[in-house]
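Here the structure comes first, spelled out in C-alpha cells, and everything after it is commentary.
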Amino acid sequence: MKKQNAILRVYRGADFQMLSSCDIIADHGLENLAALQAANSAWNEVFFSNIKNRIREMLTGYFGIKSGADLKDITVELTGLQGTLLKHLTMLSTQIDSNFKNDRSRQKAILTQLGYTAYWDKAKRAGSQTALISLLEVFEKGCTEALRNELTAKKVSDVSIQYVRDNMRRMYELNVRQEGLKDSRKLITEDVIEKFNDIYNTTMSYSRSAQTLFSEKPVLKKEFTYSHISKQLSSSRPSSGNDIPEAGSPGE
C-alpha cells in the first residue's frame with residue numbers, strides 16, 4: 001500500500017493557487033494562438049482548451065467549485081483589498097514612528113495596542129492574510145476613541161484609520177469564503193497530486209518557451225510567467241513585483 005501523500009508536489013504554494021495560475025496562463029495561450037502555433041503547431045486551441053478542462057475538473061471534483069471563476073473572483077477581490085489595507089496600515093505605522101519619535105515608550109505602546117508588534121512582520125513582509133486579519137482584530141479593539149483622538153492630534157492620518165475600520169470586516173468575510181472553498185475539497189490523494197503535477201508540468205512545458213518567444217515584449221512575457229501570475233493572485237500588492245515566499249516555482 002502506498003503511503004498517502006508520499007508523492008511530492010513539483011510546485012510551491014497552495015494547490016488552488018497553482019490551478020488558478022495555470023488556468024490564467026492557458027487563457028493567455030488562447031489569446032495568442034497565432035504566435036504560439038507558429039512556434040509549435042501542437043500549441044493549438046484544442047491543446048489549451050484541454051488544459052483548462054482538466055483544471056476545471058480538478059476545481060469541481062476536489063475543491064467543490066462550480067468553476068474556476070468562483071475562487072478567482074474571491075481571490076482577486078481579497079488580495080486587492082489586502083493590498084490597499086496594507087498600504088494604509090503602512091502609512092499609519094510610518095506616521096506613528098515619525099510623530100512619536102520623541103516618546104519611544106508611547107510609540108511602542110501604541111503599536112502594540114493596534115496589533116503591529118505581534119502581527120505586522122508576518123502581515124506585511126510574509127504577505128500572511130491570517131496575520132493581517134489577526135492584526136485587524138486587535139486594531140479594531142485597540143483603536144479606541146481616546147487613542148484615535150491622540151493620533152489625529154499628532155497629525156496621524158484619520159483617513160487611513162477610517163479606511164482600516166471600514167474594511168476590516170470585508171477582509172474577514174472574504175477570507176472566510178475563500179477558506180470555505182479550500183476546506184470543501186475532497187481528500188487529496190497521491191493520484192490527485194500526480195494529476196496536479198501533470199497540469200503544472202504541462203503548463204511549464206509551453207510557458208517557458210512562450211517567455212522566450214515573447215522576450216522582447218515584457219508585458220506579454222509576464223502573461224506566461226508562472227511566478228508573476230501566482231504573485232498577482234497571492235501577493236499583498238497584486239500589481240507589484242515584490243516576492244512572496246511561497247509563490248513561484250523552482251528554476252523559473
Side-chain angles (χ1 to χ4, degrees), residues 12-14 17 20-21 72-179 218-219 222 225 227-248:
R12 292 181 293 190
Q17 178 181 316
S20 296
S21 298
K72 285 189 283 187
D73 287 348
I74 292 172
T75 302
V76 167
E77 183 180 355
L78 176 61
T79 54
L81 179 58
Q82 179 182 6
T84 307
L85 279 167
L86 284 170
K87 289 177 182 178
H88 283 283
L89 287 167
T90 298
M91 182 177 294
L92 291 174
S93 173
T94 300
Q95 292 176 2
I96 291 169
D97 283 342
S98 176
N99 298 348
F100 288 84
K101 63 182 179 181
N102 294 326
D103 189 348
R104 294 298 184 185
S105 61
R106 183 57 185 152
Q107 177 194 83
K108 182 178 179 180
I110 292 173
L111 292 173
T112 298
Q113 186 172 335
L114 294 178
Y116 283 94
T117 302
Y119 301 108
W120 185 235
D121 192 61
K122 288 184 179 180
K124 183 175 174 63
R125 293 179 176 81
S128 169
Q129 291 177 0
T130 300
L132 176 58
I133 289 172
S134 295
L135 188 154
L136 293 173
E137 290 174 347
V138 176
F139 190 103
E140 183 175 23
K141 296 177 182 178
C143 192
T144 61
E145 183 177 356
L147 178 56
R148 186 168 182 172
N149 289 337
E150 181 183 359
L151 292 174
T152 54
K154 284 283 192 176
K155 308 302 181 184
V156 174
S157 174
D158 196 55
V159 171
S160 289
I161 293 174
Q162 191 61 47
Y163 184 89
V164 172
R165 294 182 66 88
D166 286 345
N167 289 280
M168 55 179 62
R169 181 54 51 186
R170 182 59 178 166
M171 179 73 191
Y172 174 79
E173 291 171 351
L174 288 168
N175 182 261
V176 168
R177 288 182 64 195
Q178 186 189 56
E179 291 300 322
V219 175
K222 283 184 177 182
T225 304
S227 58
H228 174 72
I229 300 299
S230 182
K231 287 170 188 175
Q232 285 187 313
L233 293 176
S234 68
S235 175
S236 60
R237 290 168 295 278
S239 62
S240 77
N242 294 319
D243 291 331
I244 297 298
E246 69 172 17

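Side-chain contact annotation: Lys108 with Thr117, donor-acceptor N/O pair under 3.5 Å absent. Counting only N and O atoms by type, the side chains of Arg165 and Gln162 include no donor and acceptor under 3.5 Å apart. Of the N and O atoms on the side chains of Ser157 and Gln95, not one donor lies less than 3.5 Å from an acceptor on the other residue.
Leu114 has its side chain out of reach of Val138: every pair of non-hydrogen atoms, C-beta onward, lies at least 4.5 Å apart. By the 4.5 Å heavy-atom criterion applied to side chains, Gln113 and Thr144 are counted as neighbours. Within the 4.5 Å cutoff, the side chain of Glu137 has no heavy atoms near those of the Met168 side chain. You'll find the side chain of Tyr172 stays beyond 4.5 Å of the side chain of Leu132, heavy atoms only. For the pair Ile110 and Tyr116, the minimum side-chain heavy-atom distance is 4.5 Å or more. Looking at heavy atoms from C-beta onward, Lys101 lies out of side-chain contact with Asp97 at the 4.5 angstrom threshold.
To the nearest 0.5 Å, atom CD1 of residue Ile161 and atom CG of residue Leu151 are 5.0 Å apart. Between the CD atom in Gln107 and the CG atom in Asn102 there is a gap of 10.0 Å [rounded to 0.5 Å]. In this structure, CD on Glu173 lies 10.5 Å from CG on Asn167, to the nearest 0.5 angstrom. In this structure, OH on Tyr119 lies 15.0 Å from CZ on Phe139, to the nearest 0.5 angstrom. Remark: Leu136 CG to Lys141 NZ distance equals 12.5 Å, nearest 0.5 Å. Residue Ile96 holds its CD1 atom at 9.0 Å from CG of Asn99, rounded to the nearest 0.5 Å.
Between the side chain of Thr152 and the backbone N or O of Lys155 there is no donor-acceptor pair closer than 3.5 Å. Looking only at distances, a side-chain donor or acceptor of Gln82 sits under 3.5 Å from a matching main-chain atom of Gly127. A donor-acceptor pair under 3.5 Å links the side-chain atoms of Ser128 to the main chain of Ala131, judged by distance alone. Looking only at distances, no side-chain donor or acceptor of Ser93 sits under 3.5 Å from a matching main-chain atom of Leu89.
With sequence neighbours left out, the side chain to side chain donor-acceptor pair (under 3.5 Å) criterion links Arg106 to Glu150. Partners of Asp121 according to the salt bridge (charged side-chain N to carboxylate O under 4.0 Å, His left out) rule, which considers only residues two or more places apart in sequence or in another chain, are Arg125. Annotation: side chain to side chain donor-acceptor pair (under 3.5 Å) contacts of Ser134 (sequence neighbours excluded): none. With sequence neighbours excluded, no residue forms a salt bridge (charged side-chain N to carboxylate O under 4.0 Å, His left out) with Asp103. Asn149 pairs by the side-chain contact (heavy atoms from CB on, under 4.5 Å) definition with Glu145, not counting sequence neighbours. Here Glu77 pairs with Arg170 under the side chain to side chain donor-acceptor pair (under 3.5 Å) rule; sequence neighbours left out.
In the displayed structure, Phe100 atom CZ is contacted under 6.0 Å by more than 12 heavy atoms of other residues, nucleotides or ligands. Under a cut-off of 6.0 angstrom, the local environment of OH in Tyr163 is crowded, with over 12 non-hydrogen atoms contributed by other residues, nucleotides or ligands.
The two atoms that bring Ser230 and Ser21 nearest to each other are CA-OG, 3.5 Å, heavy atoms only. Met171 approaches Ile133 most closely through the heavy-atom pair CG-CG1, 4.1 Å.
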